[in-house]
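Inspection log for the structure reproduced underneath, given as structure tokens.
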There are 2 protein chains.
Amino acid sequence: MVIKITRTEKPKEIPKDDLALGFGKVFSDHMFLMDYESLSWSNPRIIPYGPISMDPASMCLHYGQEIFEGLKAYHGKDDGIYLFRPRKNIERMNRSAKRLMMPELDPDMVIDALKELVLLDKDWIPTTEGCSLYIRPTMIAMDPFLGVRPSNTYLFFIITGPVAAYYAEGFNPVSIYTADKYVRAVRGGVGDAKTAGNYAASLAAQMDAKKQGYSQVLWLDAIERRYVEEVGTMNIMFKIAGEVITAPLKGSILPGITRDSVITLLKSWNVPVSERPLSIDEIMEASDKGTLEEVFGTGTAAIISPVKEIAYKDKKIQVGDGKTGPLAQKIYDTLLAIQYGKGEDPYGWCMRIDK
Amino acid sequence: MVIKITRTEKPKEIPKDDLALGFGKVFSDHMFLMDYESLSWSNPRIIPYGPISMDPASMCLHYGQEIFEGLKAYHGKDDGIYLFRPRKNIERMNRSAKRLMMPELDPDMVIDALKELVLLDKDWIPTTEGCSLYIRPTMIAMDPFLGVRPSNTYLFFIITGPVAAYYAEGFNPVSIYTADKYVRAVRGGVGDAKTAGNYAASLAAQMDAKKQGYSQVLWLDAIERRYVEEVGTMNIMFKIAGEVITAPLKGSILPGITRDSVITLLKSWNVPVSERPLSIDEIMEASDKGTLEEVFGTGTAAIISPVKEIAYKDKKIQVGDGKTGPLAQKIYDTLLAIQYGKGEDPYGWCMRIDK
């Protein structure tokens, strides 16, 4: 499939101060679009970034058939341009699509689209380490129809924008708050799909946490309200007595690509890793015993987000000495080195796209 | 607030055959819009129905802050134009808004908007009994921002369109299939809000049911997978040994306005009604004993949808004699008579808006 490219006639000004970018506020000059109708994808095109014309009855606005991905392009130390494990994102998007009864994408086609789009706007990729070009592939249901069924038409689009760190705190330990009123997802639901509704459902708890002075919500399982699932919009890992423990992928948890990368790194370092149910009681107990060594979230946006404090009901515990732990630091440094083409890339995670 | 009205210069042709309308496919000439920014609603306007211009980063497309309502305008026997309990819809929309961290609406303002819009397009209201003008108030998050937090800007819009019966089957008993793999919602989640993500999450089970020859999915609770919750996108009621039983409103169930109306009618007729957990086992048992007299869904779109058959695991039971039961018929006839201004309206459910 050939991508038709229409360049902007009015390039926007590229922000100069990378560290002032924030996250998700600035968008590059172009976007990729492709339509699904009559059971196939057609009309792949890159056009200037701008508004989409949307029928107010478009099914995505009413029935939530909306899935997305998040990945980043990095300006390497060698001036190469890199994507980090992009096929993993496309594979996950196809799994999300299946769960939401939406059409799958041809991974090679999407890789081509990513390359074309990112290279066309390559001047938008920040050169400061820790900053990158955030890439947001999105698929939405387009039938103008008000009955509940899968749509027959879809729009797939990719938008990009330069970003600094996701959290205002940067790579600094945060305090988190265990949700006791709300849940994020349940087995048999759509918690393992990257779909819009999961995020809307998380907002009330997030605002509760903020109101009480915490950065993020620690989600417990919906059934027993005992087992930790995710933190905010990230996976979460606990290092207890030398072992790293994270929730298993049993349907209610997003299969994070950073999660997968971290598990791979830990195994290569011979750090014991378990994907198993971990109860909040076990965490509180470990804290009492002094074996709760490190806690950190993992996700594309923040990469690693160390946790210094966990509130659960009327208890509040400190993690380790309240500072970023050595393992979180090592993972962060290693991933950053791989992503920016500074270190070895033993797993072939980086895809160089500029040559 | 004054609603600015811009009439269409190109009125569309109004479909002549009411019974061929289907549901949710045809839209009237105008729509109402209103913007939320800087913490207040502004610019209420009616304009010709047409596409909305939307930034591809609009938060509604990514994070699912989307809520809606469904209600109907009826062309009465006396040529009056009626809305059925519209304030109930606005109240529920405000509860959905709260749950999804979205701004609330002034009910009087929305009533004004409904009146203006419906009267402007009153020629679109079908005159055939059973047909009506479906009204879809919708609120969506508009910030062009890719971080997870509540949006600061929203669009509220109302679109309308003439409809026949929601289900192709019309007022005919349907066969339903008990979901055993998927769940719709869980306590602590957003199952009691009318938000887009709930509908997306229901599609896979719905398609499973269809594939196996059933019209709708009977949802069980997410925790024990035992208690009936809803059917398809409706509330559901079971008449067992003279008593009508429906799931209680405990957070995972949509508080249906038709559900509420039916309960009120049943009480006024001295039919015993219980809002209590009802297990699928109790239903199977009642069927064995011959006391499962009637089953029906309740919802704005279909009003009453009788059920003739329920499949659960490898069992299949027939409800009563497989025909529409006398109680379902009586409820349907009574509601229709109220809605079309033919019968008494002892509860003041109908709001006449044309004078």
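Every value quoted in this text rests on a predicted model; they were computed, and no experiment measured them. Lettering of chains follows the sequences in order, A, B, ..., and the numbering in each one begins at 1.
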Could you list the residues that satisfy salt bridge (charged side-chain N to carboxylate O under 4.0 Å, His left out) with B/R99, not counting sequence neighbours?
-> none
Roughly how far apart are A/E66 CD and B/E66 CD, rounded to 0.5 Å?
-> 4.0 Å
Look at B/A196, B/A201, B/S202 and state which one has the largest set of heavy-atom pairs under 4.5 Å with chain A.
-> B/A196
Output the option from B/Q206, B/M31, B/E224 having the highest count of non-hydrogen pairs under 4.5 Å with chain A.
-> B/Q206
With sequence neighbours left out, the residues meeting side chain to side chain donor-acceptor pair (under 3.5 Å) with B/D55 are A/Y49
Which portion of [X] sits near chain A, non-hydrogen atoms under 4.5 angstrom:
X	answer
B/M102	neither
B/L61	both
B/M101	side chain

Check for a donor-acceptor pair, side chain of B/Q65 on one end and backbone N or O of A/L203 on the other, with a separation under 3.5 Å.
-> no
For A/F145 against B/F23, the heavy-atom pair lying closest together = CE1-O, 3.1 Å
Interface moiety of A/T138 toward chain B, non-hydrogen atoms closer than 4.5 Å | side chain
Where on A/F68 is there a heavy atom nearer than 4.5 Å to chain B: the side chain, the backbone, both, or neither?
-> side chain
Among the options A/K25, A/M207, A/M59, A/R136, pick out the one with the most heavy-atom pairs lying under 4.5 Å from chain B.
-> A/R136
With a 4.5 Å cut-off on heavy-atom pairs, point out which of A/G197, A/A200, A/G50 contacts chain B the most.
-> A/A200
Using the side-chain contact (heavy atoms from CB on, under 4.5 Å) rule, pick out the option among B/P51, B/S58, B/P56 that qualifies with A/I52.
-> B/P56
Does anything in residues 178-188 of chain B get under 4.5 Å of chain A by heavy atoms, and if so which residues?
-> B/K181, B/Y182, B/V183, B/V186, B/R187, B/G188
Tabulate, in ascending numerical order, the residues of residues 154-161 of chain B having at least one heavy atom closer than 4.5 Å to a heavy atom of chain A, or enter 'none'.
-> B/F157, B/I159
Exceeds 12 heavy-atom contacts within 6.0 angstrom, atom NZ of B/K98 | no
Over 12 foreign heavy atoms within 6.0 Å of NZ, A/K250 | no
Do A/F27 and B/L146 come close enough that some side-chain heavy atom pair is under 4.5 Å?
-> yes
